[in-house]
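Only one structure is covered here, and it is reproduced in the block below.
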Protein chains: 2
Amino acid sequence: MSLLSSTLGRIGALSEEAMRKAEERQARLTKPPGSLGMLEWLSVRLAGIQGRFPPEAERKVIFTLAADHGVAEEGVSAFPREVTKQMVLNFLGGGAAINVLARHAGAEVVVVDMGVAGDVEHERLVSRKVGYGTGNIAKGPAMSREEAVRAIEAGIEVAERVIRERGAHLIGVGDMGIGNTTPSAAVCAAITRRAPEEVTGRGTGIDDAAWERKVRVVRRALELNAPEPEDPVDVLAKVGGYEIGGIAGVILAGAANRVPVLIDGFISGAGALIAGELSPAAREYMLASHLSAEPGHRVMLEHLGLKPLLNLNLRLGEGTGAALAMGIVEASVRVLREMATFDEAGVDEKIC
Amino acid sequence: MSLLSSTLGRIGALSEEAMRKAEERQARLTKPPGSLGMLEWLSVRLAGIQGRFPPEAERKVIFTLAADHGVAEEGVSAFPREVTKQMVLNFLGGGAAINVLARHAGAEVVVVDMGVAGDVEHERLVSRKVGYGTGNIAKGPAMSREEAVRAIEAGIEVAERVIRERGAHLIGVGDMGIGNTTPSAAVCAAITRRAPEEVTGRGTGIDDAAWERKVRVVRRALELNAPEPEDPVDVLAKVGGYEIGGIAGVILAGAANRVPVLIDGFISGAGALIAGELSPAAREYMLASHLSAEPGHRVMLEHLGLKPLLNLNLRLGEGTGAALAMGIVEASVRVLREMATFDEAGVDEKIC
């Protein structure tokens, strides 16, 4: 049995018992029932995901997966393709937004080369290169079906190893790849069956003319490659990207290992769509960190049934939204673990 | 000159120079311009408030102001009045939600007794009691005009001392007081000229019958006391509360000392309305931490021109939303201070 199918087979249901215990404790804490809103929901969900009461959120890891995209040659991005490799080096040097926000959250950043168009060597880089950038989806498939499976399995392997070695309680996924909002829009359109113009945004900041070109590229990619919506590996191969496949793999590994996964923005959302189609049960292990400024992100989250924790008009990627939301998730667990109960504090309960 | 009028006189404009420097640095950091959305805006606003580039957000304090309300005898709350004092002791013992969330944010909690109906003694409690609970606003004014000024000035004095002693970079305000969503709804209706039923919510969790009673109480309080919308001290005296006055004072002290103030939920919003009417310039120093589940909170924030950072369906008070949002504000400052620029990281800039 392949790693992908064995991983899918390991994804089970949330623990009803751990969720019940968390709900019972929430009801005894010194606050009006339900008054901490999403924080209460999060603490219960984490207990269910981890199968543990109380849940934990101390050891945190962000996976930032990078790759290049042949479609960048269509002029769909505001930045030159070389920036993917340059930003990977910036991540490894600690100077990017994800480094700052992960430090703030107390999370480690694991940088994975899934397919940067050039050789990058660094002692802290995890190299799982599937290829030197994908094919141009406006002219043919992004990759072969075999490569698509390899990308997903690389994500599974990296995440399983890191989760085991670090004893991670909470992980997040993020991306880097010049041009990658274009394949993400194509993946979104294919799986959610929306029109290209509904799910295509301005990425790093293109003008009207470039946006219209980008919509045409997404439409052409879908017409030319005809991805099969019911077959997520086919969608990934035809119009996806190596880091999108890797992100799907990290998510599936989180679900198989009962580790909650914070989904970042639009590109991570494309990975989450692939993962969620491969395993509807995996959706229960996903937490939507924020609502991206990319218009297609809302469509993705609705399809996945996820409600975003933050709405700060972010559109950077890298895992930045996931890192910011980690602070909220950890807060929810600390409330459950550290607050006094009515009995302990000698506080009267509700009277009506 | 009174402390209140001298404080109002010290509230000046934001520093254009510090904001310009922050904007210039944001444009040189290794990310697409604007891609960190509200985080970029926050870092610029903090520079303008503090009059300092780069701004700082390391030393943080939450002020939790407590008082009782005569109107509690009308059956407008789901909890007995004794809970105000019990919760003050819980804050001082470290077991309440605000303690947990402040620890998570790295903030100190300063608990102030503005008018609890009973004596509370504790070495860490700041006692600035204006009275043993306000009068029942359904039967007469909450307090005299002189008491209203004293409540605001107590908030100013406590905040000025703590800001100076701790060298606080960022403060938050929160409340505790059984029954205090009722005077807050009355303050909101008086100042924003909305109908009682538009701004009255379910507080700690009352049923339909109690909500209808609460709306009638707010309407009667406004008709009977006829607060003058153009005179915020009159509004506070007629239908407010001691902690609402104290919160207004803390906010004004923050503004006068160029310290950004995170406003918590509905009761803090009532204090912010009073502060904002006393000094429209003070609104520039306020940050809305979250959008409360109380329906009147949105009305307050619109009146103040504030956009909430979080929307997590919170309705606890205490400063819990402010503490949670501190993590986001501090993240914005760390991004500005710690990220590499395009030059430093050798990353190419935008091409179109």
Side chain from CB out, backbone as N, CA, C, O: work out which of these in [X] comes under 4.5 Å of a heavy atom of chain B, or both, or neither.
X         : answer
Phe91(A)  : neither
Leu36(A)  : both
Arg337(A) : neither

Name the member of [options] that forms the most heavy-atom pairs with chain B at distances under 4.5 Å.
options                                 : value
Gly94(A), Gly34(A), Gly93(A)            : Gly34(A)
His104(A), Glu82(A), Met38(A), Lys85(A) : His104(A)
Leu324(A), Ile328(A), Thr30(A)          : Thr30(A)
Val100(A), Leu309(A), Asn99(A)          : Val100(A)
Glu349(A), Glu318(A), Glu338(A)         : Glu338(A)

Using a 4.5 angstrom heavy-atom cutoff, name the option from [options] with the most pairs to chain A.
options                                    : answer
Leu42(B), Leu89(B), Asn313(B)              : Asn313(B)
Leu316(B), Leu29(B), Val335(B)             : Leu316(B)
Gly321(B), Ala331(B), Ala345(B), Gly346(B) : Ala331(B)
Glu344(B), Lys307(B), Met87(B)             : Met87(B)
Thr320(B), Asn311(B), Leu39(B)             : Leu39(B)
Ser35(B), Gly317(B), Gly327(B)             : Ser35(B)

query = Can you tell me if Lys350(A) uses its side chain to pair, donor with acceptor, with the backbone of Gly205(B) under 3.5 Å?
reply = yes
query = For the side chain of Lys31(B) and the backbone of Ala96(A), is there at least one donor-acceptor N/O pair under 3.5 Å apart?
reply = no
Atom CD of Glu24(A): over 12 foreign heavy atoms under 6.0 Å = yes
query = Got more than 12 heavy atoms from elsewhere within 6.0 Å of CZ, Arg298(A)?
reply = no
message = If I measure from the heavy atoms of chain A, does Glu330(B) come under 4.5 Å with its side chain, its backbone, both, or neither?
response = both
task = Heavy-atom distances under 4.5 Å only: say whether Ala293(B) touches chain A with side chain, backbone, both or neither.
result = neither
ask   = Closest heavy-atom contact between Gln86(B) and Asp348(A)?
value = OE1-N, 2.8 Å
key: Shortest non-hydrogen contact between Gly37(A) and Leu314(B), atoms and distance   = N-CD2, 4.4 Å
message = How long is the straight-line distance from CG of Asn90(B) back to CE of Met339(A), given to the nearest 0.5 Å?
response = 7.0 Å
